[in-house]
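Bear in mind the structure is a predicted one, so any value in this text is a computation, not a measurement.
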Amino acid sequence: MKRRTLLGAFLGVVAAYPLSRLALADSESGASDQGANPEVGTVEKSEAEWREQLSPEAYDVLRNEGTEAPGSSELNEVTAEGRFVCAGCGLALFDSEWKFDSGTGWPSFYRYIDGHLGFKTDYKLLMPRKEYHCARCGGHQGHVFNDGPQPTGKRYCNNGVALRFEPAEDTAG
């Protein structure tokens, strides 16, 4: 590799670092890298048990932090009243009223159920991003961005295969 190319790459990373730290600092107010929430309990299974329970696609996303193809989830079209729960353990993560069409091809929400998500910093694309997962089973759900609608300004961009939709009960009698 030429010295000039190496120097250019290094300077690019150095220049981008302060901006990425600023984005992360604002990406999840009050929720730094956190693990399981004792209030929701924990679900621990062997990799064999997870493979038996989950489809290959869900296993890749939930257990290996994979990403489904944009536009591939049937949950993009769901507009009914109910809750979106973790496909791994059934913990409720989002109310349907918080879902919006982000135009990204993944189910997106502007809010989550307090205490039901954990967060960590993901460096897979070299720039840090805030990843979130189910607080009960640790299953990877997606990433949070600062380009969502008000009142939060957040976009929780979720893999549809990591969720199940549970419609609200009919209370009309």
How about F165 and F94: are their ring centroids closer than 6.0 Å?
-> no

Taking the side chain as every heavy atom from C-beta outward, state whether N64 and Y59 have any pair of such atoms under 4.5 Å apart.
-> yes

Side chains of N146 and K154: does their closest heavy-atom pair fall under 4.5 Å?
-> yes

Would you kindly confirm whether L62 and F119 end up in one hydrophobic cluster when ILVMFWY residues are joined by side chain heavy atoms under 4.5 Å apart?
-> no

Whether over 12 other heavy atoms sit under 6.0 Å from E47 CD = yes

Positive for side chain to side chain contact (heavy atoms under 4.5 Å, CB included) with L93, one of V85, I113, L117 = L117

Are Y112 and L163 connected in a single hydrophobic cluster, I mean Ile/Leu/Val/Met/Phe/Trp/Tyr linked by side-chain heavy atoms less than 4.5 Å apart?
-> yes

Can you get from L54 to F84 by hopping between Ile, Leu, Val, Met, Phe, Trp and Tyr side chains that sit under 4.5 Å apart?
-> no

Test T104 against C157 for side-chain contact (heavy atoms from CB on, under 4.5 Å), laying out the working first.
-> CA-CA 8 Å; T104 62; C157 188; 4.1 Å; yes

Taking the six-membered ring for Trp, are the ring centroids of F100 and F109 within less than 6.0 Å of each other?
-> no

Ion pair present between R51 and E49, side-chain N to carboxylate O less than 4.0 angstrom?
-> no

Electrostatic pair K99-E81, nearest N-O below 4.0 angstrom = no

Any side-chain donor-acceptor pair under 3.5 Å between N158 and Y132?
-> yes

